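Letters A, B, ... are given to chains in the order of the sequence lines, protein chains preceding strands, and every chain is numbered from 1. In this text the structure is predicted, and so the values were computed from the model without any measurement.
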Amino acid sequence: MILSTYNINGVNGRIEILLKWLKERSPDVVCLQEIKCQDKDFPAKKLKEAGYFAIWQGQKSWNGVAILSKTEIKETKRGLPGDPADDHSRYIEAFIGGLIIGCIYLPNGNPAPGPKFEYKLKWLKRLTAHSKKLLSFGIPTILIGDYNVIPTDLDLYNPDRFRDNALFFPESKKAYKKLLALGWTDAIRTLYPDEIIYTFYDYLRNAFGRNAGLRLDHFLLSPDLSDKLIDGGVDKHVRGWQGASDHCPVWIEIQPTK
DNA sequence: ATGGCTCCCCTTGGGAGA
């Protein structure tokens, strides 16, 4: 079973890129972030024609998340619990093929410090609380998406350039670590303990050409899945396609669950 | 120190991204 994440940076603007990649990788499940469209404008029909069911939480102009699946999707949550005043579309969750899949678009948090950074930290706290609840269900669960957190110095091309960046602030890294400490496994880092792996390349300064990247897109596996992980990787070449998102698609393969 | 790039708004420049 192949699960994937792709911050598409505008699902309608890049629908052809998404369809091309879906055909190539043929993932069973896809978590999309930054769909950047209202619910009524989500390209459900085109995705259905490509063989995918979909659920989505849209929003005008910004954010927005979706889950695609070759098999039926049972939505379990729309929006991250813990703050009724939070009107950003950043979390959607579903039960698919014996798994709970959480699709995450964590706030960027820049400029830091400031209100946006406070929102990010609060969101991370809410995610940690909700993830604890998920673990208590005893169902295999994966929290997939764009965490906007660079976990360690190995996960970016130039640590010194990012000391004042919300993605790399000590509080962000600490909160991510605290989340993992509940029992979650960072799948990509587990598969490649020492390798430099990036999932994002800025449009600016020829970042992709210089391999000046960041690792921001993560799969967190519940404890019962840690020994089911088979393979995974970054579809880096997609970042080189004309008109691509600044993120790469990332995928893992796990043994099917029943 | 700044801007570089790209999306979306329903624009003709601004906000946000990371």
*Asks:* Check DNA chain B against residues 144-153 of chain A and give the residues with a non-hydrogen atom under 4.0 Å, in numerical order.
*Replies:*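 Going residue by residue through residues 144-153 of chain A, the ones with a heavy atom under 4.0 Å of DNA chain B turn out to be A:D146, A:N148.
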*Asks:* Considering only side-chain heavy atoms of A:L204, which listed nucleotide, B:dG4, B:dT6, B:dA18, is closest?
*Replies:*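 Among the listed nucleotides, the one closest to the side chain of A:L204 is B:dG4.
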*Asks:* Could you list the residues that satisfy salt bridge (Lys or Arg N to Asp or Glu O under 4.0 Å) with A:E24, not counting sequence neighbours?
*Replies:*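 With sequence neighbours excluded, A:E24 shows a salt bridge (Lys or Arg N to Asp or Glu O under 4.0 Å) to no residue whatsoever.
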*Asks:* Enumerate, atom names and distances included, each donor-acceptor pair closer than 3.5 Å involving a side-chain atom of residues 40-49 of chain A, sequence neighbours excluded.
*Replies:*
none

*Asks:* Suppose clustering is done on Ile, Leu, Val, Met, Phe, Trp and Tyr with side-chain heavy atoms closer than 4.5 Å. Which residues sit in the same group as A:W62?
*Replies:*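 Cluster partners of A:W62: none, it stands alone.
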*Asks:* Can you sort out which residues in residues 104-121 of chain A have a heavy atom within less than 4.0 Å of DNA chain B? Ascending by number, please.
*Replies:*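 When residues 104-121 of chain A is checked for heavy atoms under 4.0 Å from DNA chain B, the hits, listed by number, are A:Y105, A:N108, A:N110, A:K116.
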*Asks:* Determine: side-chain N/O of A:H247 to OP1/OP2 of B:dA18, distance under 4.0 Å, yes or no.
*Replies:*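 Indeed, a polar side-chain atom of A:H247 lies that close.
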*Asks:* Any ring pair (Phe, Tyr, Trp, His ring centres under 6.0 Å) pairs touching residues 4-38 of chain A, not counting sequence neighbours?
*Replies:*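 Qualifying pairs, neighbours excluded: A:Y6-A:W21.
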*Asks:* To the nearest angstrom, how far is A:F200 atom CZ from B:dT6 atom P?
*Replies:*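 To the nearest whole Å, that distance equals 12 Å.
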*Asks:* Would you please name every residue forming a salt bridge (Lys or Arg N to Asp or Glu O under 4.0 Å) with A:D83, sequence neighbours left out?
*Replies:*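 Applying salt bridge (Lys or Arg N to Asp or Glu O under 4.0 Å) to A:D83 gives A:K122.
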*Asks:* Between the protein and nucleotides 9-11 of chain B, are there any N/O to N/O pairs under 3.5 Å, and if so, what are the atom names and distances?
*Replies:*
from, atom 1, to, atom 2, distance (Å)
B:dC10, OP2, A:K60, NZ, 3.1

*Asks:* Under 3.5 Å, side-chain donor or acceptor atoms of residues 191-198 of chain A against the rest of the protein: list the pairs with distances, not counting sequence neighbours.
*Replies:*
from, atom 1, to, atom 2, distance (Å)
A:Y192, OH, A:G232, O, 2.5
A:Y198, OH, A:Y157, N, 3.3

*Asks:* Which other residues end up in the same hydrophobic cluster as A:W251, if Ile, Leu, Val, Met, Phe, Trp and Tyr are linked when side-chain heavy atoms come under 4.5 Å apart?
*Replies:*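 Its cluster mates, by chain and number, are A:I2.
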*Asks:* Give a yes/no on whether any side-chain N or O of A:N9 is located under 4.0 angstrom from OP1 or OP2 of B:dC5.
*Replies:*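 Answer no for this pair, as no side-chain N or O of A:N9 is under 4.0 Å from OP1 or OP2.
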*Asks:* Return a table of donor-acceptor pairs under 3.5 angstrom between the side chains of residues 131-139 of chain A and protein atoms on other chains or two or more places apart.
*Replies:*
from, atom 1, to, atom 2, distance (Å)
A:S131, OG, A:T128, O, 3.0
A:S131, OG, A:W184, NE1, 3.1
A:S136, OG, A:K133, O, 2.5

*Asks:* A:D186: what forms a salt bridge (Lys or Arg N to Asp or Glu O under 4.0 Å) with it, not counting sequence neighbours?
*Replies:*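 Testing A:D186 for salt bridge (Lys or Arg N to Asp or Glu O under 4.0 Å), a comparison that skips the adjacent residues, returns A:R215.
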